[in-house]
Amino acid sequence: MRKFLVVSLIFLAVVVVVGDVLARSFAQNTIASQTAQQMNMPEEPDVSIEGWAFLPQAIGGNYSEINLSADSATVENVDVEQVRVGLSDVDAPLMDLIGGEPDVTAGEVEGSVVLPYGYLTSQLPEGVTINNEGEEPRMSGELAITELDLSTQISSGAEFEVDDDTLHVRPVDVEVDGAPAQVVDSVAGMLAFSIQIPDLPYGLHITDVDPAGAGVRVDGTASDVPIMDGEAA
């Protein structure tokens, strides 16, 4: 009898574990599919519902932490890369997920996207590009200075600042071989620009920007955000 009880308990534990894994996978796949549609992703993002046990969270309809990541997405017709989103205090009723019409909200959201340097290059003079060189962003290329009837190779570092949803790009340490100071100042003026950052996923409010390997990483936070419904971004 004791052996039967032990075997039964082991069997029940296996069933619970397997059920937990399958339910977690189903919920993750549902969120990934909906997110890919809403954010125009070429592929579904990786979704991870954290926590040692899924079923207790599912029954309660509240999840402490959900993480999403994707290589790329499209926001306001701008292709962004390295999408990373962390959702906490997520309200997602299980029956909504099962019914295929999920109504999911997150109490707090933190995330980031990378604006590719190619997007910023479109704001620079013809012949000049911005890339990551030696782990630092640099603007370089053949620049035509029409007022001086001069075409020359230039190189410059780049600093980034954000003001609300506007990214300001400023040249630093501008190099123009053999050019007088007034030419260097003119080049610096031609390289400086500002550009509006597209709306971030889930209505994230921009908190910081930093150079990254492939572009400029834009960080943001938001509260009480609809993740999956007619209002979700």
Side-chain angles (χ1 to χ4, degrees), residues 39-43 45 68-86 109-222 233:
M39 295 179 59
N40 297 319
M41 293 178 172
E43 297 181 355
L68 299 87
S69 64
D71 292 335
S72 62
T74 302
V75 291
E76 291 193 321
N77 297 319
V78 177
D79 294 330
V80 297
E81 301 175 353
Q82 299 178 33
V83 180
R84 304 289 183 267
V85 179
V109 182
E110 294 183 354
S112 66
V113 302
V114 171
L115 286 175
Y117 284 132
Y119 176 64
L120 302 183
T121 292
S122 65
Q123 304 300 308
L124 290 170
E126 185 178 355
V128 179
T129 61
I130 181 169
N131 291 288
N132 192 59
E133 298 179 10
E135 299 184 356
E136 293 185 357
R138 292 198 67 81
M139 297 178 278
S140 60
E142 182 82 12
L143 177 64
I145 310 174
T146 54
E147 61 268 27
L148 300 177
D149 193 25
L150 174 67
S151 180
T152 183
Q153 285 287 331
I154 63 95
S155 179
S156 171
E159 290 183 343
F160 307 100
E161 294 181 2
V162 65
D163 179 17
D164 291 331
D165 61 351
T166 301
L167 176 66
H168 302 286
V169 181
R170 297 187 174 92
V172 293
D173 301 326
V174 179
E175 299 176 2
V176 184
D177 291 341
Q182 61 267 30
V183 173
V184 175
D185 291 341
S186 178
V187 169
M190 296 173 68
L191 297 180
F193 66 91
S194 298
I195 188 172
Q196 184 174 355
I197 298 173
D199 289 342
L200 299 184
Y202 306 123
L204 293 173
H205 301 291
I206 299 170
T207 58
D208 197 11
V209 294
D210 282 299
V216 177
R217 189 183 71 248
V218 182
D219 299 312
T221 62

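The structure presented is a predicted model; accordingly, all values stated were derived computationally and were not measured. As a basis for the values below, the full set of heavy atoms in this structure was taken, side chains included, without hydrogen atoms, waters or symmetry mates.
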Would you compute the distance between atom OG of Ser194 and atom CD of Glu161 and round it to the nearest 0.5 angstrom?
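Going from the OG atom of Ser194 to the CD atom of Glu161 covers 9.5 Å.
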Gln196 CD to Asp164 CG distance, which is reported to the nearest 0.5 Å
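With rounding to 0.5 Å, CD (Gln196) is 10.0 Å from CG (Asp164).
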Answer yes or no: is there a side-chain heavy-atom contact under 4.5 Å between [X] and [Y]?
{"X": "Pro211", "Y": "Pro137", "result": "yes"}
{"X": "Ile154", "Y": "Leu191", "result": "yes"}
{"X": "Tyr119", "Y": "Val78", "result": "yes"}
{"X": "Leu167", "Y": "Val169", "result": "yes"}
{"X": "Leu143", "Y": "Met190", "result": "yes"}
{"X": "Ile206", "Y": "Asp165", "result": "yes"}
{"X": "Leu115", "Y": "Ile197", "result": "yes"}

Let's go through Asp71 and Gln82 carefully: what are the C-alpha distance in whole Å and the side-chain angles of both, what is the deciding distance for side-chain contact (heavy atoms from CB on, under 4.5 Å) to 0.1 Å, and is it a yes or a no?
CA-CA 5 Å; Asp71 292 335; Gln82 299 178 33; over 6 Å; no
Considering all heavy atoms of both residues, which atom of [X] and which atom of [Y] are nearest to each other, and what is their separation?
{"X": "Ile130", "Y": "Tyr117", "result": "O-CB, 3.2 Å"}
{"X": "Leu204", "Y": "Gly111", "result": "CD1-CA, 3.8 Å"}
{"X": "Met139", "Y": "Gly157", "result": "CE-O, 3.5 Å"}
{"X": "Pro201", "Y": "Val113", "result": "CD-CG1, 4.0 Å"}
{"X": "Ala188", "Y": "Pro171", "result": "O-CG, 3.3 Å"}
{"X": "Ala158", "Y": "Val172", "result": "N-CG2, 3.8 Å"}

Starting from the C-alpha separation in whole Å, work towards a yes-or-no answer on side-chain hydrogen bond (donor to acceptor under 3.5 Å, both in side chains) for Arg138 and Ser156.
CA-CA 5 Å; Arg138 292 198 67 81; Ser156 171; 5.6 Å; no
Do any N or O atoms from the side chain of Arg84 and from the backbone of Glu110 form a donor-acceptor pair under 3.5 angstrom?
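No, the answer is negative, given that no donor and acceptor are paired below the 3.5 Å cut-off.
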Keeping Glu76 on the side-chain end and Asp199 on the backbone end, is there a donor-acceptor pair under 3.5 Å?
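Yes; judged by distance alone, with no hydrogens or angles, the pair exists.
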Classify the side-chain pair Asp79/Thr74 by whether it contains a donor and acceptor separated by less than 3.5 Å.
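Looking only at side-chain atoms, Thr74 and Asp79 do form a donor-acceptor pair, the distance falling under 3.5 Å.
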Between Ile195 and Phe193, does a side-chain contact (heavy atoms from CB on, under 4.5 Å) hold up when you go through it step by step?
CA-CA 7 Å; Ile195 188 172; Phe193 66 91; 4.2 Å; yes
Counting only heavy atoms not in Glu43, do more than 12 sit closer than 6.0 Å to its CD atom?
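Open.
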Can you name the one residue among Val80, Val114, Leu200 that meets side-chain contact (heavy atoms from CB on, under 4.5 Å) with Val218?
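So the option named by the test is Leu200.
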Passes side-chain hydrogen bond (donor to acceptor under 3.5 Å, both in side chains), Asn131 versus Thr129? Steps please.
CA-CA 7 Å; Asn131 291 288; Thr129 61; 3.1 Å; yes
